[in-house]
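Scroll down for the structure; my scribbles are underneath it.
Letters A, B, ... are given to chains in the order of the sequence lines, protein chains preceding strands, and every chain is numbered from 1. Small disclaimer: the values here were computed from a predicted structure and weren't measured.
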Number of protein chains: 4
Amino acid sequence: MSPNLDRRNERSRQAIIEAAMALCREQGLARTTVEEIAKRAGVGKQTIYRWWPSKTAVVEEGINELAGTATDFPDTGDLLADLRTQMAGVASILSSPLFAPYLSLIGAAQDDPELAKSFLDGLVKPRVNAARERLRAAQDQGQLRADADLDDVVELLYGPIYYRALLHTRPPSPAQVDELLRIAFAGLAPR
Amino acid sequence: MSPNLDRRNERSRQAIIEAAMALCREQGLARTTVEEIAKRAGVGKQTIYRWWPSKTAVVEEGINELAGTATDFPDTGDLLADLRTQMAGVASILSSPLFAPYLSLIGAAQDDPELAKSFLDGLVKPRVNAARERLRAAQDQGQLRADADLDDVVELLYGPIYYRALLHTRPPSPAQVDELLRIAFAGLAPR
Amino acid sequence: MSPNLDRRNERSRQAIIEAAMALCREQGLARTTVEEIAKRAGVGKQTIYRWWPSKTAVVEEGINELAGTATDFPDTGDLLADLRTQMAGVASILSSPLFAPYLSLIGAAQDDPELAKSFLDGLVKPRVNAARERLRAAQDQGQLRADADLDDVVELLYGPIYYRALLHTRPPSPAQVDELLRIAFAGLAPR
Amino acid sequence: MSPNLDRRNERSRQAIIEAAMALCREQGLARTTVEEIAKRAGVGKQTIYRWWPSKTAVVEEGINELAGTATDFPDTGDLLADLRTQMAGVASILSSPLFAPYLSLIGAAQDDPELAKSFLDGLVKPRVNAARERLRAAQDQGQLRADADLDDVVELLYGPIYYRALLHTRPPSPAQVDELLRIAFAGLAPR
DNA sequence: ACCTAAACGAGACGGTACGTCGCGTCTTCGC
DNA sequence: GCGAAGACGCGACGTACCGTCTCGTTTAGGT
């Protein structure tokens with residue numbers, strides 16, 4: 001019934017993912033068709049449908065491979081420095097053409113609850129969890145207000161970065177991260 | 001060349017927008033077809049294409065009419081109270097099924113630069129400008145740190161709300177707004 | 001209910017017919033649209049639909065005016081000479097680009113029984129009747145076999161001319177008429 | 001580039017031709033749409049367009065298959081008898097509802113030079129050639145005037161049959177064929 | 001090293017929707 | 001009140017892709 005993983009052609013698998021990512025970068029996910037991917041990858045359409053339920057699943061896998069450990073959290077003991085490092089990485093990713101398919105994926109998820117779920121579980125949650133743990137450690141060390149809800153803090157820090165990327169106001173940047181951390185840690189109220 | 005606005009049938013215009021919005025709420029924008037919209041609106045496809053370049057443009061107009069003055073900024077003199085009021089309104093919109101097409105639109109814009117531009121110019125910028133003006137007034141009155149970049153503040157406040165909605169972690173809510181304002185105005189650094 | 005003939009604009013009527021005929025000559029009747037006719041004639045579509053039920057009716061009227069008395073039958077007393085004259089005229093008409101819409105009309109009539117009827121009654125029958133009368137006069141004068149059915153004779157003489165035109169084997173010509181009359185009057189049987 | 005004939009689905013091919021012929025008999029070629037043909041044949045539109053350039057091409061193939069050997073020329077040695085047999089067959093075809101699409105095709109060819117050419121080459125010429133050969137054999141045997149141009153003879157004999165069918169004066173019939181041959185072989189001149 | 005069953009490339013298939021064209025009707029002005 | 005102009009509801013066009021379904025053709029594992 002379901003295909004035999006042992007006999008899978010790894011070369012085809014990679015060619016498909018690379019073709020999908022490349023086309024997605026060139027034209028966006030919406031304008032990318034399965035037929036184009038197959039042709040570009042030198043592969044039959046059936047080989048795509050055999051292993052993935054849809055083109056978005058291919059791109060999801062591509063993003064996962066591409067992200068790799070690039071968004072891992074450092075722990076130098078200095079929370080602010082670590083946040084600056086990691087958030088700058090995220091800002092860089094969200095403004096990089098290489099990762100354009102990532103934004104397309106978030107876009108597609110707005111009308112596709114299944115994609116939204118697998119996107120959330122596979123890409124977002126693990127990274128949010130890692131961030132929360134880093135924040136908890138810092139909180140234990142007194143580098144963060146004790147009464148701050150850590151999920152809210154994560155949203156406060158990363159929301160503005162995604163905001164810029166998804167609303168296309170201006171590209172996220174290290175400068176934004178600096179200003180963000182400055183305001184967040186000092187507060188908006190006048191002294 | 002371009003059609004004559006004076007001869008336009010207002011009844012058809014409204015029926016098209018309402019049909020598009022309804023279908024978009026039921027199935028999402030991606031699964032909504034122009035043919036369905038035309039059929040539901042009791043209208044020929046050509047009448048849609050005559051006045052809008054695409055289904056997304058129809059939905060954009062629909063959102064614009066629906067939003068109306070719902071996101072206007074109050075000015076009671078108390079910045080925090082005004083922010084709470086207005087941001088709660090935004091959170092409510094972003095978690096309301098009525099406004100689901102708004103999220104679809106942001107999603108579609110990820111792969112459609114033209115849509116991204118008109119969306120930004122028509123929907124985002126006017127509201128961001130209004131927010132900036134309200135913040136500037138508050139800043140002049142000493143209710144806000146004098147060295148805060150107002151655009152960054154707008155991102156800091158609204159980014160987390162959009163983050164929840166677009167990444168589907170959890171729905172934006174008034175409670176989120178409260179916590180957000182608490183952290184933002186007090187700062188994350190321990191006392 | 002039905003429009004008032006007295007107020008009809010003769011200039012428009014002629015412009016419509018001429019536009020229809022011209023377009024029909026350039027592209028054939030099938031590719032000619034009512035909208036093109038209206039535009040070329042500098043006329044609103046409604047003005048066409050007010051006075052004719054369809055574009056074929058316009059062309060029919062155009063053909064009728066164009067044919068005029070060109071196919072009238074001479075009567076010099078010499079049947080063979082008169083036939084030669086008149087049939088050569090028919091052959092000329094059926095091979096002339098000016099009359100191309102006439103063939104288009106016959107073509108359209110194959111799938112349109114109403115057109116077939118009005119075409120038959122308005123264009124064919126009167127001319128067949130005239131031919132039959134000329135033949136009858138000749139028969140009375142002994143220039144034609146007494147036992148020949150005159151309708152069959154008409155078909156025998158004109159069928160081959162239409163055959164060339166409608167099957168596009170080769171254009172009808174005076175030479176064909178000559179040969180036709182030679183065979184018809186002498187018979188095919190060897191002497 | 002062009003589709004692979006080996007992979008062609010013969011069942012679909014036949015269903016398409018039969019659907020096209022049936023619809024053409026019911027409504028005429030002009031009112032028959034490709035969509036109707038596809039639906040009736042249980043086939044996607046693309047499958048029609050993949051193998052034929054237009055609906056007329058489908059009907060042409062249908063007519064070719066239907067005609068088959070029905071119009072083949074007998075050769076009993078008696079020219080008049082053979083002509084009577086074959087021409088009666090043609091008359092029967094041209095007055096049969098089964099072959100109504102044949103007349104529609106001739107009609108459509110009046111406004112479509114490409115169709116006219118393929119119709120002429122594929123349907124008319126082969127049969128005219130066969131007729132000419134039969135006539136030549138008879139001419140050699142002294143059953144036909146030696147100075148008769150055989151193409152003119154073919155036109156003389158078949159023109160009147162097509163004339164009746166295409167101008168809708170009255171249906172072609174065996175009686176017409178008889179009278180036709182009588183006049184043609186005896187001549188119109190009084191004895 | 002061979003056999004055989006699978007995965008593979010290719011692409012035809014039944015469908016759905018696309019964006020466009022033209023139909024015949026209806027509506028609004030201007031003459 | 002006819003006519004120019006053209007928007008309207010509608011239906012069909014020919015095309016693009018969808019996801020499924022054969023086709024031979026590799027190709028890889030088990031014997």
So does [X] get a side-chain nitrogen or oxygen closer than 4.0 Å to the phosphate oxygens (OP1/OP2) of [N]?
X: C:R50; N: F:dG3; result: yes
X: A:S12; N: E:dG9; result: yes
X: D:T47; N: E:dG14; result: yes

*Using heavy atoms to find the nearest nucleotide of DNA chain F for B:E10 and C:A38 separately, return the residue whose nucleotide is more 5′.*
C:A38

_Quick check on DNA chain F: between D:R7 and B:R7, whose nearest nucleotide comes earlier from the 5' end?_
B:R7

Take the protein atom [atom1] of [X] and the nucleotide atom [atom2] of [N], then report the distance between them rounded to whole Å.
X: D:Y49; N: E:dA12; atom1: OH; atom2: C1'; result: 18 Å
X: B:I37; N: F:dC10; atom1: CD1; atom2: P; result: 16 Å
X: A:K45; N: F:dA16; atom1: NZ; atom2: C1'; result: 11 Å
X: D:E36; N: F:dC13; atom1: CD; atom2: C1'; result: 13 Å
X: A:K55; N: F:dC18; atom1: NZ; atom2: P; result: 6 Å
X: A:R8; N: E:dA5; atom1: CZ; atom2: C1'; result: 19 Å

*Name the nucleic acid region contacted by B:Q46, choosing base, sugar-phosphate or nothing; use a 4.0 angstrom heavy-atom cut-off, strictly under.*
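Base: the residue B:Q46, judged by heavy atoms under 4.0 Å, touches a nucleobase.
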
*asked:* Under 4.0 Å, counting only non-hydrogen atoms across every strand here, what does B:W51 touch: a base, just sugar-phosphate, or nothing?
replied: sugar-phosphate

*Side chain of C:E35 only, please: which of E:dC23, F:dA4, F:dG3 is the nearest?*
E:dC23

_Residue A:V34, side-chain atoms from C-beta onward, closest of F:dC18, F:dA7, E:dG9_ = F:dC18

*Identify, between A:G42 and C:T32, the residue whose nearest nucleotide on DNA chain E lies closer to the 5' end.*
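Whichever sits nearer the 5' end wins; that is A:G42.
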
*A:W51 ring centre to A:R13 NZ or CZ under 6.0 Å, with the angle to the axis within 45°?*
no

